[in-house]
Structures are given as C-alpha cells and as structure tokens.
Protein chains: 2
Amino acid sequence: MKLITRDTDYAMRALIFLAQQKNRVISVSELVRELKTPRPFSRKILQQLNKAKILRSFKGNHGGFILAKKPKEIFLVDLIRVFQGPLELNECIFKKKICPNRNCCVLRNRISRIENKVLAELGAITVGSLLKE
Amino acid sequence: MKLITRDTDYAMRALIFLAQQKNRVISVSELVRELKTPRPFSRKILQQLNKAKILRSFKGNHGGFILAKKPKEIFLVDLIRVFQGPLELNECIFKKKICPNRNCCVLRNRISRIENKVLAELGAITVGSLLKE
DNA sequence: CTAAATGATACTAATATAGTATCATTTAGT
DNA sequence: ACTAAATGATACTATATTAGTATCATTTAG
Ligand code: FES
Ligand code: FES
C-alpha cells in the first residue's frame with residue numbers, strides 16, 4: 001500500500017524548491033535542472049498545481065511558476081487530493097454479504113478511525129514544515 | 001488510496017462463510033454458489049490461503065477447504081499481507097533531496113505513527129469479530 | 001475406472017500509474 | 001514586427017498492478 005504516489009512526491013519537492021527561491025519566478029527548465037526529475041512529467045505536475053491554485057504561472061518569455069500561497073498554507077493532504085483523488089479508505093469494502101447493518105459494522109468503525117488518524121497526521125504536514133533553513 | 005484489494009475482500013468473505021459451516025469441507029463450487037464471486041479467481045484465492053496455512057485443503061472427490069485456524073485467530077492484517085504484500089507506508093518517500101538526516105525527518109515520524117495506528121486498528125479485526133450469529 | 005475435486009502454472013484483460021510529444025498561445029526583448 | 005523562450009491544453013505511449021481466466025496434472029471417494 002502506497003500512501004504517496006510519484007506525482008505527489010515530485011510536487012512536494014518542486015514546492016519546497018520554489019519556497020526556497022523566495023518569490024522568484026522559476027521556469028520548468030530551471031526546476032528540473034535542480035531536481036533532476038523528468039521534464040515533461042514535471043511540467044504536467046506544475047500545470048496541475050497551477051490549476052489547483054497552489055502555484056501561479058507566468059506565460060511567455062522569462063515565464064514560469066511561483067507559489068500562490070505561503071509554504072505553511074500548502075498541505076500535503078491537498079497535494080494528495082490533487083494527484084491521488086480523495087482519500088477514501090472509508091468506502092464500504094465488504095459489500096452486502098458481510099455487513100448487515102452498516103452503521104455498527106466493526107470494520108467500518110475501525111476504518112473510519114484509521115482514516116481520521118491518517119488525516120490528522122497528514123494534515124499537520126505542510127511545505128513549510130519540511131523546509132530546511 | 002485503497003486499504004483493501006479485491007483478493008483480500010473475497011478472501012475475507014470466503015473465510016467468514018467457511019467459519020459459518022463449522023468444519024464441513026466446502027468445495028469451490030459450493031462456495032461460489034453462495035458468495036457469487038468469480039469461480040477461477042476464487043479458486044486461486046483459496047489456494048493461496050491454503051499455502052498461507054489459513055485454510056486446509058482436501059484433494060480428490062468430495063474435496064475442498066476448511067479453516068486451519070479458529071476464526072478469532074485469523075486476522076485481517078494477515079490477509080492483507082498475503083494478498084497485498086507487507087504494509088509499508090513507511091518506505092522513504094522523499095528521497096535524498098528533501099530528507100537530510102533521515103532519523104528526524106518530520107514526515108518519516110508522522111508516517112510511522114500512521115502506520116502504527118493502521119496496524120493497531122487492523123490488528124484488532126479477525127474473521128471471528130466479523131461473524132454474525 | 002471415473003467423476004469430482006484441488007495443485008500448479010501460465011495466460012489475458014482492465015485499470016492505474018508514470019511519463020512523452022506536440023501544437024497553440026503568450027510575452028520580453030530586439 | 002519578429003523571434004525565442006516560456007506555459008496551456010491535450011492526446012498519446014509505456015509500465016505496473018490488479019483482476020480474472022484457462023489448462024493440464026494429480027488426487028481420491030465410490
Ligand atoms: S464494510 Fe461497509 S458496513 Fe461493513
Ligand atoms: S521521507 Fe524518508 S527520511 Fe524523510
């Protein structure tokens with residue numbers, strides 16, 4: 001079971017790098033030179049982050065990307081949601097057969113608790129919290 | 001993010017069904033008639049459970065499967081491990097670049113805590129705990 | 001001997017993840 | 001106005017994982 005896919009991983013790295021550049025507009029070329037991540041893939045990811053309003057983009061010559069939010073306001077969970085869809089561990093797993101009345105299913109309760117825990121822990125991680133000085 | 005794949009799901013259903021049959025040997029035919037799961041797939045799953053010593057099998061005419069353990073001793077985590085491999089949320093996600101000293105990486109610590117929580121919650125779920133009387 | 005079962009194993013199909021390619025559009029600099 | 005350097009949008013390809021099938025060998029009750 002993977003908690004984080006590569007999109008999310010690269011996105012986080014890119015965001016941390018951008019955060020370190022303090023509002024300088026950074027092009028994909030510059031970014032991949034630094035991070036050594038595959039260029040077109042990285043580009044796609046930045047574009048998605050732009051659509052998600054986590055980045056702001058500038059077109060044309062000398063264009064590129066900057067953070068649209070403060071590092072402390074960019075949460076890992078948000079990235080997960082952008083690239084991996086909603087975090088639903090919760091969805092009923094054992095359909096009809098096993099779960100007679102869904103409200104009190106042992107499984108369901110426990111899985112909800114897991115989900116809450118995951119959200120709480122991940123919800124505390126931001127780009128800011130991973131920045132090294 | 002899916003916590004449980006279909007193998008694990010079907011396996012759990014099969015085990016619950018077998019538990020309800022109280023030591024009667026059940027053939028795949030009988031099982032899929034009841035559970036309505038795809039036959040050859042279900043068969044493969046039962047064979048895997050047999051290899052994992054969660055089931056015992058009997059060959060030949062009137063053969064089939066019975067539980068090799070008490071329902072309370074069959075844990076959901078075990079099934080997850082059989083069908084989905086080890087539950088490693090933990091593996092380092094952001095390699096070199098982000099994590100200078102791995103022992104104190106914020107992320108790593110939090111993810112370990114998530115993993116522990118997941119294990120604790122799942123570790124409490126057995127076939128027995130899901131049996132309806 | 002035979003029918004009904006599992007064992008072992010190889011194959012196929014569908015879906016999700018990872019990544020590429022291409023063309024249109026924008027814009028700073030000359 | 002032209003050009004080079006950038007992003008926007010979108011379609012495509014490749015790889016891995018998940019889901020499922022097919023087949024033949026072996027075992028065994030009757
Ligand atoms: S798994 Fe959905 S109610 Fe039990
Ligand atoms: S993610 Fe591995 S040490 Fe930080």
Side-chain angles (χ1 to χ4, degrees), chain A residues 1-14 18 24-33 35-66 68 79-80 82-88 91 93 95, chain B residues 1-14 18 24-33 35-66 68 79-80 82-88 91 93 95:
Chain A
M1 200 180 103
K2 244 184 310 178
L3 199 55
I4 282 167
T5 59
R6 208 166 306 175
D7 319 79
T8 308
D9 179 343
Y10 288 173
M12 186 51 107
R13 297 194 211 184
L18 289 174
R24 253 182 70 225
V25 174
I26 305 291
S27 71
V28 172
S29 305
E30 197 173 346
L31 188 129
V32 303
R33 199 179 310 130
L35 299 187
K36 271 129 192 152
T37 50
R39 188 168 205 286
F41 193 38
S42 306
R43 205 167 149 227
K44 189 166 75 172
I45 289 168
L46 293 185
Q47 288 184 351
Q48 285 175 277
L49 288 172
N50 179 48
K51 272 193 186 163
K53 313 223 171 172
I54 292 166
L55 291 181
R56 244 187 95 192
S57 75
F58 297 89
K59 289 195 195 174
N61 199 349
H62 301 321
F65 300 87
I66 59 172
L79 304 185
I80 292 181
V82 168
F83 296 105
Q84 311 180 37
L87 183 64
E88 285 162 338
E91 261 186 285
I93 1 185
K95 314 289 155 44
Chain B
M1 199 181 103
K2 245 186 306 179
L3 200 54
I4 281 166
T5 59
R6 209 168 304 176
D7 319 78
T8 307
D9 179 342
Y10 288 173
M12 186 51 108
R13 297 193 213 184
L18 289 174
R24 254 182 69 225
V25 173
I26 305 291
S27 70
V28 172
S29 305
E30 196 172 345
L31 189 130
V32 303
R33 199 180 310 128
L35 299 188
K36 272 130 193 150
T37 50
R39 190 168 203 285
F41 192 38
S42 306
R43 203 166 152 231
K44 189 165 77 171
I45 288 168
L46 294 185
Q47 289 183 350
Q48 286 175 275
L49 289 173
N50 179 46
K51 274 194 183 161
K53 315 224 170 172
I54 293 166
L55 291 181
R56 244 187 95 193
S57 76
F58 297 89
K59 289 193 194 177
N61 200 350
H62 302 320
F65 300 86
I66 58 172
L79 304 185
I80 292 181
V82 168
F83 296 105
Q84 311 179 38
L87 183 65
E88 286 162 335
E91 261 186 284
I93 0 183
K95 314 287 153 48

Point-to-point distance, once rounded to the nearest 0.5 Å, from [atom1] of [X] to [atom2] of [Y]:
{"X": "Leu79(B)", "Y": "Asp7(B)", "atom1": "CG", "atom2": "CG", "result": "10.5 Å"}
{"X": "Thr5(A)", "Y": "Tyr10(A)", "atom1": "OG1", "atom2": "OH", "result": "10.5 Å"}
{"X": "Leu35(B)", "Y": "Glu30(B)", "atom1": "CG", "atom2": "CD", "result": "10.5 Å"}

TODO: Under the side chain to side chain donor-acceptor pair (under 3.5 Å) rule, collect the residues that match up with Arg33(A), sequence neighbours excluded.
DONE: none
Task: Partners meeting side chain to side chain donor-acceptor pair (under 3.5 Å) with Arg56(A) (sequence neighbours left out) - done: none
Open item on the list: Output one letter per nucleotide in nucleotides 6-22 of chain C: B when a protein non-hydrogen atom lies under 4.0 Å from the base, S when only the sugar-phosphate is that close, - when neither is.
Closed with: BBB---------SBB-B
Task: Stems where DNA chain D pairs, listed by first number, each of three or more Watson-Crick or G-U pairs under 3.5 Å - done: C:1-30 with D:1-30
TODO: Walk me through it: do Ile4(B) and Phe83(B) pass the test side chain to side chain contact (heavy atoms under 4.5 Å, CB included)?
DONE: CA-CA 9 Å; Ile4(B) 281 166; Phe83(B) 296 105; over 6 Å; no
- [ ] Please report, rounded to the nearest Å, how far the P atom of dA4(D) is from the NE2 atom of His62(A).
- [x] 14 Å
- [ ] Start with the C-alpha distance between Val28(B) and Arg39(B), add both sets of side-chain angles, then the distance that settles side chain to side chain contact (heavy atoms under 4.5 Å, CB included), and finish with yes or no.
- [x] CA-CA 7 Å; Val28(B) 172; Arg39(B) 190 168 203 285; 4.2 Å; yes
Enumerate donor-acceptor pairs with a distance under 3.5 Å from any side-chain N or O in residues 41-55 of chain A to protein atoms, sequence neighbours excluded.
from     : atom 1 : to       : atom 2 : distance (Å)
Ser42(A) : OG     : Thr37(A) : OG1    : 2.8
Ser42(A) : OG     : Pro38(A) : O      : 2.5
Asn50(A) : OD1    : Ser57(A) : N      : 3.4

